[in-house]
Amino acid sequence: MAIDFSSLITINKKWVDKEFNHHYTEKVNDKLKVRLFSIKPSGTTINSISLAKSLLDILPYYFKSKSEIDRLVRREVSRTINDYTSATEIDQKEEVAKIVYNRTYRDAKSFFKKKSSDSKSGKYGELLLFGLVESVFDCKMIAHKITNLTNYHDEIKGGDGIFMGNYKLPNGNIEIAYLIGESKVWKDYSGAKKDALESINRFYDSKIQADFKTLEFFIAQKDIEKVVDNETDIDELYDRLDQKSELFKSQIAVHPILIMYETKNYNRLMKKALNNTELTNLIDKNIKSKLDKTLESIALKVKEFPELEKVFLDFILIPTNSVADFNDTMDNLI
């Protein structure tokens, strides 16, 4: 029986609707799609406070999977069985679960705080990518840089997350897929777009792709049992990560590319709007007025990478008034 990766997702997928306005999802061609979201305004301003808090809510499940956390809870319950003499088994488990969750949250925060400013910005993008792909694409993350990729090679060279699940094609058909994502939280949109495509292109560069892909999927395999529960068909999962298997070969490759970037227009719109509804409508109008230009510029840039026209690219664009505000807010709250 095929694995239902959607059932393995534990974050609340509704966080996306709470934090973002979705302006469009457009098909450029059968293998290139562009989605655009904007941060929901607060009054007549745009800030990242609510978004940052939602990202921190899902942080523990980015750092460790629910299966890992559940195993830690069971181990802690067994270890402290005599410490809760007046508590029921349910009370003890609830208390231990809170302790383990908080400990995981602290460990994840500690990891981020050890990073340089540029590196932290990258990690915030990877966290945002995780939340969006699991919620919007309904695909489960099975490997990321925090616990896996940094142990094996320079993290700049690896994917920002490996996901598994089903991907809906433009014709409505559903295909099994592996997804390797890329995230950029940059001030400059053009530079971010170019850099993201160059990063993805490494998976298809004939000079390095064999070693690059082998290492990436090996890393995903090595701790796979931490990601899934006891009811998941682990053999199927290994096959889906084994480049020699028929199941792997039957999958399509999808690359979600998240770009958060600055747009100066937002400052003008915030000054003009008299209330929240007006600002929301002004942003939507501004975004849609640039729709054709946005799609055309992405299509032209992708053509510079002929190998990438053979796989599926799914852009997630998030224009904002200030990338620095997003990074500073995350720094302050984490």
Side-chain angles (χ1 to χ4, degrees), residues 11-28 33-59 117 120-122 124-133 135-137 183-193 196 256-299 301 314-334:
I11 65 172
N12 184 349
K13 301 173 188 176
K14 293 182 179 180
W15 79 273
V16 175
D17 294 332
K18 177 175 174 287
E19 301 301 338
F20 295 105
N21 287 317
H22 176 217
H23 297 275
Y24 60 76
T25 296
E26 293 288 339
K27 182 189 82 169
V28 180
K33 185 182 294 183
V34 180
R35 310 167 194 254
L36 195 145
F37 297 83
S38 66
I39 300 170
K40 285 190 174 181
S42 177
T44 56
T45 64
I46 300 166
N47 64 63
S48 301
I49 297 173
S50 181
L51 172 59
K53 288 183 176 181
S54 287
L55 289 175
L56 294 183
D57 285 342
I58 66 175
L59 177 60
S117 296
K120 279 194 290 187
S121 177
Y124 298 152
E126 291 162 26
L127 175 61
L128 184 54
L129 176 75
F130 156 70
L132 286 168
V133 173
S135 302
V136 177
F137 291 64
S183 61
K184 300 293 176 187
V185 178
W186 285 25
K187 185 175 182 178
D188 174 41
Y189 168 66
S190 296
K193 180 172 56 181
I257 300 174
L258 166 66
I259 303 176
M260 177 185 279
Y261 60 96
E262 284 190 14
T263 174
K264 298 301 181 185
N265 289 322
Y266 278 18
N267 290 322
R268 175 178 59 82
L269 300 180
M270 286 187 284
K271 291 177 182 178
K272 181 178 181 180
L274 299 179
N275 55 52
N276 181 264
T277 300
E278 184 177 4
L279 179 55
T280 299
N281 291 336
L282 285 170
I283 291 172
D284 183 65
K285 183 178 179 180
N286 179 263
I287 286 171
K288 289 180 178 175
S289 71
K290 301 175 182 177
L291 172 60
D292 291 340
K293 183 179 178 181
T294 299
L295 301 183
E296 182 182 0
S297 70
I298 290 175
K301 182 57 67 173
D314 202 319
F315 280 79
I316 308 168
L317 305 181
I318 305 177
T320 187
N321 61 312
S322 173
V323 165
D325 175 71
F326 172 72
N327 288 329
D328 290 344
T329 304
M330 291 294 295
D331 285 345
N332 289 335
L333 294 180
I334 204 163

Asks: For I318 and L132, which heavy atoms make the closest approach, and how far apart are they?
Replies: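 Taking every non-hydrogen atom into account, CD1-CD1, 3.9 Å.
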Asks: Mind checking whether L59 and L127 have side chains closer than 4.5 Å, heavy atoms only?
Replies: yes
Asks: Does the E19 side chain pair with the main chain of W15, one donor and one acceptor, at a distance under 3.5 Å?
Replies: no
Asks: Compare every heavy atom of S297 with every heavy atom of Y189, then report the nearest pair and how far apart it is.
Replies: OH-OG, 4.2 Å
Asks: Check whether any side-chain heavy atom of E278 sits under 4.5 Å from a side-chain heavy atom of T280, and report yes or no.
Replies: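 They are not in contact (no side-chain heavy atoms under 4.5 Å apart), so the answer is no.
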Asks: With no hydrogens and no angle check, is any side-chain donor or acceptor of K40 less than 3.5 Å from a backbone partner on D17?
Replies: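 It does hold such a pair.
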Asks: Could you walk me through whether N276 and T44 pass side chain to side chain contact (heavy atoms under 4.5 Å, CB included), step by step?
Replies: CA-CA 5 Å; N276 181 264; T44 56; 6.0 Å; no
Asks: Would you call K288 and D284 a salt bridge, using N to O less than 4.0 angstrom?
Replies: yes
Asks: Determine the sole option in D314, I316, V185 for which the side-chain contact (heavy atoms from CB on, under 4.5 Å) test with L258 is passed.
Replies: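 For L258, the side-chain contact (heavy atoms from CB on, under 4.5 Å) check succeeds only for I316.
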Asks: Which atoms form the tightest heavy-atom contact between V323 and W186, and what is the distance?
Replies: CG2-O, 3.3 Å
Asks: Side-chain contact test, heavy atoms from C-beta onward, threshold under 4.5 Å: evaluate it for N265 versus K290 and give yes or no.
Replies: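 When only atoms from C-beta onward are counted, K290 and N265 do touch, with a gap below 4.5 Å.
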Asks: Is there side-chain contact between N21 and P41, with at least one heavy-atom pair below 4.5 Å?
Replies: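 Yes, close enough: below the 4.5 Å cut-off.
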Asks: Taking side chain as C-beta onward, heavy atoms only, is P319 less than 4.5 Å from L36?
Replies: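 Side chain of P319 against side chain of L36, heavy atoms only: contact under 4.5 Å found.
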Asks: For residues 264-276, pull every pair meeting salt bridge (Lys or Arg N to Asp or Glu O under 4.0 Å), keeping only residues two or more places apart or in separate chains.
Replies: E262-K264
Asks: Grab the two heavy atoms, one from A299 and one from V28, that are nearest each other, plus how far apart they are.
Replies: CB-CG1, 3.8 Å
Asks: Rounded to the nearest 0.5 Å, what's the gap from CG on D328 to OG on S322? Could you check?
Replies: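 It is 7.5 Å, given to the nearest 0.5 Å.
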Asks: What I want to check is whether the side chains of S183 and E126 have a donor and an acceptor closer together than 3.5 Å.
Replies: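 No pair is found: no donor N or O on one side chain lies under 3.5 Å from an acceptor on the other.
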Asks: Within the 4.5 Å heavy-atom criterion, are L269 and N286 side-chain neighbours or not?
Replies: yes
Asks: Would you say S38 and T320 make side-chain contact, with heavy atoms under 4.5 Å?
Replies: no
Asks: Can you name the one residue among D325, N332, T329 that meets side-chain contact (heavy atoms from CB on, under 4.5 Å) with I49?
Replies: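 Between I49 and the candidates, side-chain contact (heavy atoms from CB on, under 4.5 Å) is satisfied uniquely by T329.
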Asks: Describe, in one word, how the ring planes of F326 and Y124 are oriented to each other, choosing from parallel (under 30°), tilted (30 to 60°) and perpendicular (over 60°).
Replies: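 Because their plane-to-plane angle is over 60°, the rings of F326 and Y124 count as perpendicular.
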Asks: Indicate the atoms forming the closest heavy-atom contact of I259 with K193, along with that distance.
Replies: CD1-CA, 3.6 Å
Asks: Kindly indicate, with the supporting measurements, whether the criterion side chain to side chain contact (heavy atoms under 4.5 Å, CB included) is fulfilled by F315 and I298.
Replies: CA-CA 9 Å; F315 280 79; I298 290 175; 3.6 Å; yes
Asks: Hey, what do you get for NZ (K53) to CD1 (I58), rounding to the nearest 0.5 Å?
Replies: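 Answer rounded to 0.5 Å: 16.0 Å.
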Asks: Quick check: closest heavy atoms across G191 and D188, and the distance to 0.1 Å?
Replies: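 What the structure gives for the nearest pair is N-OD2, 2.8 Å.
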Asks: Is any side-chain heavy atom of I283 less than 4.5 Å from a side-chain heavy atom of I46?
Replies: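 In short, these two side chains touch, coming nearer than 4.5 Å.
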Asks: Step by step, work out the side chain to side chain contact (heavy atoms under 4.5 Å, CB included) result for T294 and Y24.
Replies: CA-CA 12 Å; T294 299; Y24 60 76; 3.7 Å; yes
